[in-house]
Amino acid sequence: AGLASPDHPEDLLIVLEPEAASLCCRQLRLYQLLHQLHSAGCGDHPMASLVLEGALATPWTQYMVVDCGGGTVDITVHELSGERATLRELHKASGGACGSLGVDREFERLLSAVFGADFMSHFRRKRPAAYVELLLSFEARKRSADPDRDGPLTIFPPFAFVEAYRKFRGKEVEHALRKFGRPGEVSWSSQGMLRLSPQLMADLFRPTLDQVCQQVEEVLRSPRLRSGPGAAPSAIQFLFLVGGFAQSLMLQNRVRSQFGSRVKVVVPQAVGLTTLRGAVLYGLDPSLVASRRSKHTLGVGVLKRFQPGQHPQDKLVTLSDGSAWCCDVLDVLVVADQPLGPGEAVTRSYTPASARQTNIIIHIYCCSDSNPPKFVTDAGVTRCGTLRLALDSDDHARRAGDAAKTREIVARIEFGGTELAASAQDIASGRCVRTQLDFLSTAV
C-alpha cells in the first residue's frame, strides 16, 4: 500500500484490533456512552468523568471488550496495572465466526425454504447484481430490528427477483409464500413487499446471538480471570460492546439481559469507530500495552543428539562422521497463552552446515496447544513461516579454508510487540546478519 518501505519498516506501526478497541474503551467518558448510563452503574458521576475513573485507581481491575464485526467477534480481557493504568492482557484474543453475516445466512436459508434452494442458486448465479440488491434491502431492515418492535418489517425485493421467479417456476411469488404455510410470520403484500414478523426476525438473529453469548460465557468462566494473586475467580467488572454489529439493538438487548447482572455492559457512541480511535491512542503511546499473550505455540525444527529410548527410531539420522541425531524436533520458542512483555525476545544459536554456505533457512512451526508436541510432524503442528539468515559471502570466502573454526550465528526473535521481529549477529566477526521473516508463504 506504499505506507512504508523495506529500508524504513519503523514508519509503519501495526496495531491489533482488540487492543485498539480496549484502549479506546479505557478512555471513554460518560457522555460518550449510548443511552444506557444508569445501566452501566455511572449515573451519579459528572458526565465528563471516565467510565473507568474509579477503576483506574483500583489494582487488578479487569474489563472485557467484545468487538462484534460483520464476519467475526473478537473478545479480549485486559487488566489495568501500575500507576499509568497500562493494559495487561489476561486472556488471549478469542472469539469466532459469529458476526452479523450469520444473520444474513439465516435470511438466505429462509429464502431457500420459501422459494426453493434451486431457484435461489439460479438467481444468485444468473442475476448477481439483483441478488446483492435483495441482501442490501434485508441489511437495512436488519440494522433497524428492535426487540420491542410490534409491527412487521418490510423488505423490498428487486423486480428482477419477481420476474426471475415467474420465469423459473411459471408462478407468482405469492404462490410460494402460500405454499410455505406460515402467513403470520412471512407474507407478500400487494405493494410487492416481503413482510417479516418481529418474531421471525428474532429467529433469524437467534443462532448468531447464541454463539456470541456462548463465546462471552466461556471467557467469563475462565479460571485465569482473577481479581488478584491467589484470589478466587471473579466476574469481570465491565463489558464493552463495540464494532459495527454492536449497533444492533437485538445484540445489545441480548447481551444486557444475559450478562447485565454480572457485569456492567457499556455501549459507546459511534461503536463502529472504537477501533479506529484506539489505534490513534496506541500510535501516540505504544507503551500503554504492558503485556500480551501469545495466541499460538511457536517453534523451529532442529536436530538433537539421539537419545535411545527417548527418541523414536524413525527419527534417527546418522551423519558421515558416525554421530547419531534425532530429526524433526520441535524447539519451542513461546507457548500458547504465554504472557509477553514489550521487547521480550528469544535467542538461539545456529551453525552453518558448511563454510561456503550463504543462507540459513529455518522453518517456523505453530500449534494451538499450550502443551506442545515433541516433533514438527506431530498432529496439529503446521509450518507457518520461514526465517532466512543471509550470510556474508565475502566473509565465507575468507573462512572457507579454515575448517577449525566453527561459525556461530545468534538469532534473536522478538515476540512482545504487535508483530514478530528478527535480528542476527555473527559472533566471530560481530557483524549483523541480514534476516527475513516470511509468514506469507511456506515455500522454500
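A quick note: this is a predicted structure, and the numbers were derived from the prediction, not measured.
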Asks: Could you tell me whether E414 and R412 have a side-chain N and a carboxylate O separated by less than 4.0 Å?
Replies: yes
Asks: Assess the side chains of R254 and Q258: does a donor N or O sit below 3.5 Å from an acceptor N or O?
Replies: yes
Asks: Using every non-hydrogen atom in the two residues, find where L87 and S22 come nearest and quote the distance to one decimal.
Replies: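 In this case the closest contact between L87 and S22 is CD1-OG, 3.6 Å.
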Asks: Quick one: do the Q214 and D210 side chains pair a donor with an acceptor below 3.5 Å?
Replies: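 Absent: no donor and acceptor within the cut-off.
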Asks: What heavy-atom pair brings E106 and L204 nearest, and what distance separates the two atoms?
Replies: CG-O, 3.4 Å
Asks: Does the side chain of E408 come under 3.5 Å of the side chain of S349 through a donor N or O and an acceptor N or O?
Replies: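 Looking only at side-chain atoms, S349 and E408 do form a donor-acceptor pair, the distance falling under 3.5 Å.
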Asks: Quick check: do C24 and T275 have side-chain heavy atoms less than 4.5 Å from each other?
Replies: no
Asks: Any carboxylate oxygen within less than 4.0 angstrom of a Lys/Arg side-chain nitrogen, looking at R292 and E89?
Replies: no
Asks: Do the non-hydrogen side-chain atoms of V242 and V66 ever get within less than 4.5 Å of each other?
Replies: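 Not in contact.
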Asks: Not counting sequence neighbours, which residues clear ring pair (Phe, Tyr, Trp, His ring centres under 6.0 Å) with F107? List them please.
Replies: F138
Asks: According to side-chain hydrogen bond (donor to acceptor under 3.5 Å, both in side chains), who are the partners of D328, at least two apart in sequence or on a separate chain?
Replies: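 D328: side-chain hydrogen bond (donor to acceptor under 3.5 Å, both in side chains) contacts with K315.
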Asks: Quick one, I75 and V73 - any side-chain contact, counting heavy atoms below 4.5 Å?
Replies: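 Side-chain contact under 4.5 Å: yes.
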Asks: Do L135 and E133 have side-chain heavy atoms sitting under 4.5 Å apart?
Replies: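 SC-SC contact between L135 and E133 ruled out.
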Asks: Hey, which of V65, V216, L251, D67 is the one that makes side-chain contact (heavy atoms from CB on, under 4.5 Å) with L241?
Replies: L251
Asks: For the residue pair Y365 and T382, establish whether any side-chain heavy-atom pair is separated by less than 4.5 Å.
Replies: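 In short, these two side chains do not touch, never coming nearer than 4.5 Å.
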Asks: Can you label the angle between the H78 ring and the Y63 ring as parallel, tilted or perpendicular, going by 30° and 60°?
Replies: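 The arrangement is tilted - the two ring planes meet at 30° to 60°.
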